[in-house]
J.: 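Okay, here's the structure, questions in a sec.
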There are 2 protein chains.
Amino acid sequence: MTEDSAQTDQAERFNQARTAQSMALLEDYTEMIDDLISEHGEARVTDIARQMGVTHPTAAKAVARLKREGLAVSRPYRGVFLTDEGAAMAERVRVRHRIVVDVLLALGVPADAAELDAEGLEHHVSETTLAAFEDFLRRQG
Amino acid sequence: MTEDSAQTDQAERFNQARTAQSMALLEDYTEMIDDLISEHGEARVTDIARQMGVTHPTAAKAVARLKREGLAVSRPYRGVFLTDEGAAMAERVRVRHRIVVDVLLALGVPADAAELDAEGLEHHVSETTLAAFEDFLRRQG
DNA sequence: TGCAAAGTGAAGCCATGGCTATATGGTTTC
DNA sequence: GAAACCATATAGCCATGGCTTCACTTTGCA
Ligand SMILES: [Mn+2]
Ligand SMILES: [Mn+2]
Ligand SMILES: [Mn+2]
Ligand SMILES: [Mn+2]
């Protein structure tokens, strides 16, 4: 590999990490909304905000972005609901989160650290890596 | 655990992930500058920019932040240098990056995916998790 | 030595994701 | 039904991290 293509590759890695990061907020919110609806029958902005550890205007802005990206719907003073696409994302994210935690635990990471780190790590686990994680967990069984 | 403290814990996880993310840029740039100095004897803003996959004003702004945080020094139209603190960060980051890649490889992740994902994952690996990773690699060894 | 190219800096734009403060719509309770 | 309380919306602030454009040094080469 030439020095030039090495530079290109490195830049691509940083770009991929930036892209993954820009999806992180959408992923966490869709999962959170789905959780709230499952547990309480509805997802109110105030509950979303408390759960995410942000103020309610911040949560409202995030919901606006979810709607703009076709992941959620809501009407003024009513709860937030996920579109099919949003629900699909929530499901994917939930599964991936669990797999990441399970892999960390299998590697001997303490449970509390595993949960803490997984919340950030999950967004940078590609499909390829996720598949490898699943294989690993099956072998470990 | 009460429902209330579960909410608090969850919010803390998101906060930790946000904090980790805010360190990511500093970590990647210090490592990059250290690399460039090792390989070419100096770290110029243009080279940093190309390597990071951003425009030069973006890299210059990042360098300004590094200086503000005491990690780097530079004078107008001269290269960028790391402080002792910056160099220490670069070294930590480099070691951690390699460990993350090694763990992924040991789990059966293809090499290219391992390198791609590691660039984002590394910033969310806590000291505790890193220690567990090192133990795992030693056992695997 | 001088000029062109390359590198650097400065200004100003945008989107994102935090925040506070304030206004307004809904709900509950008396 | 009105008051009080709660939830939601809106406006506006800040920092970050992208970008383009333009101006100014520095450097290298004819
Ligand atoms: Mn997360
Ligand atoms: Mn998660
Ligand atoms: Mn990185
Ligand atoms: Mn790295």
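Residue numbering restarts at 1 for every chain, and letters A, B, ... go by the order of the sequence lines. Values in this document were obtained by computation on a predicted structure and should not be read as measured data.
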J.: Nearest-nucleotide wise, let me know which of T46(B) and G53(A) is further upstream toward the 5' end of DNA chain C.
T.: T46(B)
J.: Ignoring hydrogens and angles, are the base of dG7(C) and the side chain of H56(B) linked by a donor-acceptor pair under 3.5 Å?
T.: no
J.: Under 4.0 Å between a side-chain N or O of T55(A) and OP1 or OP2 of dC19(C)?
T.: yes
J.: Can you tell me the distance, in whole Å, between the CD atom of Q51(A) and the C1' atom of dA7(D)?
T.: 17 Å
J.: Using whole Å, what does the distance between atom C1' of nucleotide dA6(C) and atom CD1 of I48(B) come to?
T.: 16 Å
J.: What residues from residues 76-83 of chain B pass a heavy-atom cutoff of under 4.0 Å to DNA chain D?
T.: Y77(B), R78(B)
J.: What are the two closest heavy atoms between S22(B) and R65(B), and how far apart are they?
T.: O-NH2, 3.0 Å
J.: Could you tell me how far apart Y29(B) (OH) and dT16(D) (C1') are, to the nearest whole angstrom?
T.: 12 Å
J.: Would you indicate which nucleotide in dG12(D), dT21(D), dG18(D) comes nearest to any side-chain atom of P57(B)?
T.: dT21(D)
J.: Residues two or more places apart in sequence or in another chain: which of them pass side-chain hydrogen bond (donor to acceptor under 3.5 Å, both in side chains) with D35(B)?
T.: R94(B)
J.: Please give, in whole Å, the distance from dG7(C) P to D47(B) CG?
T.: 8 Å
J.: For a quick test of reading the model: is some side-chain N or O of T58(A) closer than 4.0 Å to OP1 or OP2 of dG17(C)?
T.: no
J.: Please report, rounded to the nearest Å, how far the P atom of dA15(D) is from the CG atom of L26(B).
T.: 16 Å
J.: In whole angstroms, how far is the C1' atom of dC6(D) from the CD atom of E42(A)?
T.: 13 Å
J.: Can you measure M52(B) atom CE to dG17(D) atom P for me and round it to whole angstrom units?
T.: 11 Å
J.: Would you please say whether a donor-acceptor pair under 3.5 Å links the side chains of R18(A) and Q21(A)?
T.: no
J.: Answer with yes or no whether the hydrophobic clustering places V95(B) together with V125(B); edges join I, L, V, M, F, W, Y residues whose side-chain heavy atoms lie under 4.5 Å apart.
T.: yes
J.: Compare side-chain N and O positions of R68(B) against OP1 and OP2 of dT16(D) and report whether any pair is under 4.0 Å apart.
T.: yes
J.: Is there side-chain contact between R78(A) and E42(A), with at least one heavy-atom pair below 4.5 Å?
T.: no
J.: Please tell me which of the listed nucleotides, dG18(C), dC19(D), dG9(C), lies nearest to the side chain of V54(A)?
T.: dG18(C)
J.: What is the distance from NE2 of H40(B) to P of dG7(C), rounded to the nearest Å?
T.: 13 Å
J.: Is the shortest side-chain N/O distance from R18(A) to OP1 or OP2 of dG17(D) below 4.0 Å?
T.: no
J.: Less than 3.5 Å apart, which donor and acceptor atoms pair up between the side chains of residues 131-141 of chain A and the rest of the protein, not counting sequence neighbours?
T.:
from: D135(A); atom 1: OD1; to: R138(A); atom 2: NH2; distance (Å): 2.8

J.: Determine whether E31(A) and H97(A) satisfy the following criterion, side-chain hydrogen bond (donor to acceptor under 3.5 Å, both in side chains), listing intermediate values before the conclusion.
T.: CA-CA 10 Å; E31(A) 184 184 5; H97(A) 184 113; 4.6 Å; no
